[in-house]
Amino acid sequence: MTVTNNGTVAIEFVQVYVLFFKDDEVVYCAWTYFDDDDNELKPGKSVTKEIDCYKEYDSILVFFKGRAA
C-alpha cells in the first residue's frame, strides 16, 4: 500500500488501519504508521509499506488518521 500526501502541509503520525473481511465478517485488523524519520509525511511525498493478513479475506476497509504538523 502506498500513501501520498497530496496536500501543502506535512502530516504527523500518519496511521493506517485496515480491516480485512470474509463474507462481511471481520477476520483480521492491522495498523501501521506511514511516515518518515521525523514522524511526518511531507507534502508531495509517498511512503509504501506492506500490510499482511494471513487469513483468507475477500474485501478490506482502510482508515487514515493524522494531524497537520
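- In this structure, SG in Cys53 is found 10.5 Å from CG in Leu19, a value given to the nearest 0.5 Å.
- Criterion: ILVMFWY side-chain heavy atoms under 4.5 Å apart, direct or through other members. Under it, Val27 and Phe21 are not part of a common hydrophobic cluster.
- The neighbour count for Asp24 CG, taken as heavy atoms of other residues, nucleotides or ligands under 6.0 Å away, does not exceed 12.
- At a threshold of 4.5 Å between side-chain heavy atoms, the hydrophobic network of Ile, Leu, Val, Met, Phe, Trp and Tyr places Trp31 and Ile60 in two separate groups.
- From Lys65, atom NZ reaches atom OH of Tyr17 across 4.5 Å, with rounding to the nearest 0.5 Å.
- Across every non-hydrogen atom of Met1 and Phe34, the tightest pair is O-CE2, 3.5 Å.
- Considering all non-hydrogen atoms of both residues, Arg67 and Phe13 come closest at NH2-CE1, 3.0 Å.
- Closest approach of Asp36 to Lys42, counting heavy atoms only: OD2-NZ, 2.7 Å.
- To the nearest 0.5 Å, atom OH of residue Tyr33 and atom CD of residue Gln15 are 4.0 Å apart.
- One distance of note links CG of Asn39 with CG of Asp37; it measures 8.5 Å at 0.5 Å rounding.
- A donor-acceptor pair is defined here as one N or O able to donate and one able to accept, closer than 3.5 Å; no such pair exists between the side chain of Lys45 and the backbone of Ala10.
- Of all heavy-atom pairs between Ser46 and Thr4, the closest is OG-OG1, 2.6 Å.
- Asn5 contributes atom CG, which lies 11.5 Å from atom CG of Asp35 (distance to the nearest 0.5 angstrom).
- Cluster annotation: Val47 is connected to Val16 through the hydrophobic network of ILVMFWY side chains, with a link wherever side-chain heavy atoms come within less than 4.5 Å.
- Taking CD1 from Ile11 and CZ from Phe64, the interatomic distance works out to 12.5 Å, rounded to the nearest 0.5 Å.
- The two residues Gly7 and Pro43 come nearest to each other via the heavy atoms O-CB, 3.4 Å.
- Relative ring orientation between Tyr28 and Phe20 is described as tilted, the plane-to-plane angle lying within the 30° to 60° band.
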